[in-house]
Amino acid sequence: MANLRFTVLEKMMDRAPIAVKAPSSKVSDYYGINVFDKDTMQKFLSKEAYAGVMTAIESGSKIERKVAEQVASSMKAWATGKGATHYTHWFQPLTGTTAEKHDAFFDLADGSKAIENFSGSALVQQEPDASSFPSGGIRNTFEARGYTAWDPSSPAFIMESAAGMTLCIPTIFVSYTGETLDYKAPLLKALHALDLAAVPVCQYFDKNVTRVNATLGIEQEYFLVDMGLFNARPDLVMTGRTLFGHEPAKGQQLEDHYFGTIPERAYAFMVDFEIEAFKLGIPLKTRHNEVAPSQFECAPVFEEINLAVDHNQLLMDVMDKVARRHHLKVLLHEKPYAGINGSGKHNNWSLITNTGKNLLSPGNTPKTNLSFLTFFINIIKAVKDNADLLRASIASAGNDHRLGANEAPPAIMSIFIGSQLTQVLDEIEKKVTKEKMTPEQKTELKLNIGKIPEILRDNTDRNRTSPFAFTGNKFEFRAVGSWANSSSAMVVLNTIVANQLALFVKEVEAISAKDVKKDEAILRVLRSYIVDSKKIRFEGNGYSEEWVKEAAKRGLSNIKTTPPALDVYVTKKSKELFSAMSVFSERELEARHEILLETYTKKIQIESRMMGDLAINHILPASIKYQSILVNNVQGMAAIGMKKEALETQKEMVSEISEHISVIRKEVAGMIEARKKANTLEQAHDKANAYCNKVFPYFEKIRNHVDKLEMIIDDELWPLPKYRELLFLK
Ligand code: ADP
Ligand code: MG
């Protein structure tokens, strides 16, 4: 193994950036060429078929069979014309990645004649034998049929790879009995709930609004590492993170990477995957270094949320594929390196109407600003009432390393709104009264509300330590993990906001029924929300110890690990909320809870096995080898008559190594025992908790001793690429 480390290091020295050539110097020449988008559809479809698809997209209704046949045949013509040979339903199972099962367009007619075939039914629905996808008990293997169904609101696209091209059709994935088993279906349901709840609220201010959707811009953080070094670290290969590794002499304290130029190999890779992304209609806009060495970020222009989520999933896939061409590996794990910043996926989220108005963008009149404040305050209230659900939505084994590690927003959910908006809310709290307001009171209040855009324009308030921050015309949910499917967080966020808006309308209607004017009723309800939601608002340093204490005093939860965080999905309150919003049935929530717990368990189990293997079969042999060298040395020195004192240093080293070896062996044995015990537990819940509380704590202990050994053992014998090599070699 040590040999492997040096072989890859040597090879790495010669690696040059790979040349990248864009199809054209103007992105607009090739942007979206691999997408069967509206323009392409219009070209390829008859008028009726095009109208049919548009109606289905806008109303979320099913596509008629006749239309489906036409769309399928045009899609096939388009895709095969571009060189695609296969098609696949592309879906997002709860394993976290995307899934594909390819079928050839090619078919045999009359048993012998080769034709290209793609029917309407193959487009609209498929029944993959999906028995190996997690289903949380909903779908047993003997009734393995789940089916995938086309989501026409996300356009089909062609995925290019070295070996060929495949037409990918975005689909939802449901069990045969209709329960959702993926990330897309619940998002579409949550968006429907949001639309239903938000339109009546919009109508208080603007009768032209008939539809509301959410927008999302996802900033994606990642690490790059040379493929050779990656392959020489079995832990990276198997778990996506380094289980061992002493911190390097230099970490990120100089922040020189953040401000530095993008290293050349990384730069070539970025340009290359951006080209591929553009072809797929992913509007990537920014790229830069991140704080940690070898850490980077990219971000697209925001899009409608369903598309934004699909594009992010697709992007992660594209990045991974393109990186191989550059002999690089993209690390999307939330915490590939201990002691170095982890990676997140900031979810910039807002609401948009069919009239094109961003509901979180303050306007120019008191009326539009009251609309802004209504949504703004309802969102704060929704987050305050459902903070634990939001925490659940970002829970994963990987993200546990980040939340609350003084680098990422903590596991405590709070909202930052900036000092100006704080003042506005304070004023509403002070000025709005339970009794009828006088005309003077109203005028004064409205005047102040009208001033919001002015104050926001000068708003330089930024708080990068808040998990949920208002940033001028959108909220930024920063606690989402880098590997996560954003849909998880967005299902919860949109559902809780939908639920809140529905409650709001009820309260406003109840008050205005008592002969109170609408705007006054609205202000009264908003005031009560401001008062009620105060404890979730926090403007200070979210990474600080004081905040942890202060939050506890306020009664905010700080759920540090995944298993208890996930339990929130199956509380009575959550079940009622999700079924009232028609997003998840009780059964679906229970299945999801179980699947996520199982995923957690498996992740920790794999890490634990890998750790044992590395410690016993890689680290200890290297340590023992070095120990033998020292022992030989001591014996040799004694043989030539060296004084006793002269042998002391080596002897000390030998015994130090011995101590570490014996502790490592003991702890690994203990960890294996803990695993065995955990494995006997039947319930997913008990097992996940055992892995979290009984197995996981061994990691730190074992790592500690291994990392100490790294500092003692001869560098030439050390089998694993070291942090300085993984992080700093370019
Ligand atoms: P930052 O200063 O945090 O980098 P940016 O203004 O650059 O913020 O935006 C970050 C992301 O937020 C981008 O993807 C951007 O497109 C997205 N964004 C901007 N406006 C909206 C919006 N109204 N809804 C959703 N996302 C948005
Ligand atoms: Mg940001």
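In listed order, ligands and their atoms are each counted from 1.
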Please check if any side-chain donor atom of Asn306 sits under 3.5 Å from a side-chain acceptor atom of Lys184, or the reverse.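 Yes, because at least one side-chain N or O of Asn306 sits under 3.5 Å from a partner of the opposite role on Lys184.
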Do Thr365 and Thr368 meet the criterion of a side-chain donor-acceptor pair at a distance under 3.5 Å? yes
Would you be so kind as to tabulate the donor-acceptor pairs closer than 3.5 Å made by side chains of residues 314-321, with sequence neighbours excluded?
| residue | atom | partner | partner atom | Å |
| --- | --- | --- | --- | --- |
| Asp320 | OD1 | Lys329 | NZ | 3.0 |
| Asp320 | OD2 | Arg324 | NH2 | 3.1 |

Does any N or O atom in [X] lie less than 3.5 angstrom from one in ligand 1, N or O only?
X	result
Thr215	yes
Arg464	no
Pro300	yes
Leu216	no

Which of the atoms of ligand 1 are close to [X], meaning less than 4.0 Å from one of its heavy atoms?
X	answer
Ser350	22 (C), 23 (N), 24 (N)
Val301	16 (O)
Gly217	14 (O), 25 (C), 26 (N)
Glu219	3 (O), 4 (O), 10 (C)

Does at least one non-hydrogen atom of Asn358 fall below 4.0 angstrom from an atom of ligand 1? yes
Measure up the Tyr222 and Phe296 rings against each other and bin them: parallel (under 30°), tilted (30 to 60°), perpendicular (over 60°).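 Plane angle between 30° and 60°, so tilted.
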Should the pair Phe273 and Phe269 be assigned to parallel (<30°), tilted (30 to 60°) or perpendicular (>60°) ring geometry? tilted
Contact partition for His346 relative to ligand 1, non-hydrogen atoms under 4.0 Å: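 Within the 4.0 Å criterion, His346 makes no contact with ligand 1.
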Hey, is Lys285 touching ligand 1 through its side chain, its backbone, both or neither, going by heavy atoms under 4.0 Å? neither
Ring pair (Phe, Tyr, Trp, His ring centres under 6.0 Å) partners of residues 185-207, not counting sequence neighbours, each pair once: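 Qualifying pairs, neighbours excluded: none.
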Using a 3.5 Å distance criterion without hydrogens, assess whether the side chain of Ser466 forms a donor-acceptor pair with backbone atoms of Ile415.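 Not a single qualifying donor-acceptor pair exists.
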Walk me through whether Lys357 and Asp206 qualify under salt bridge (Lys or Arg N to Asp or Glu O under 4.0 Å). CA-CA 11 Å; Lys357 178 163 173 36; Asp206 181 357; over 6 Å; no
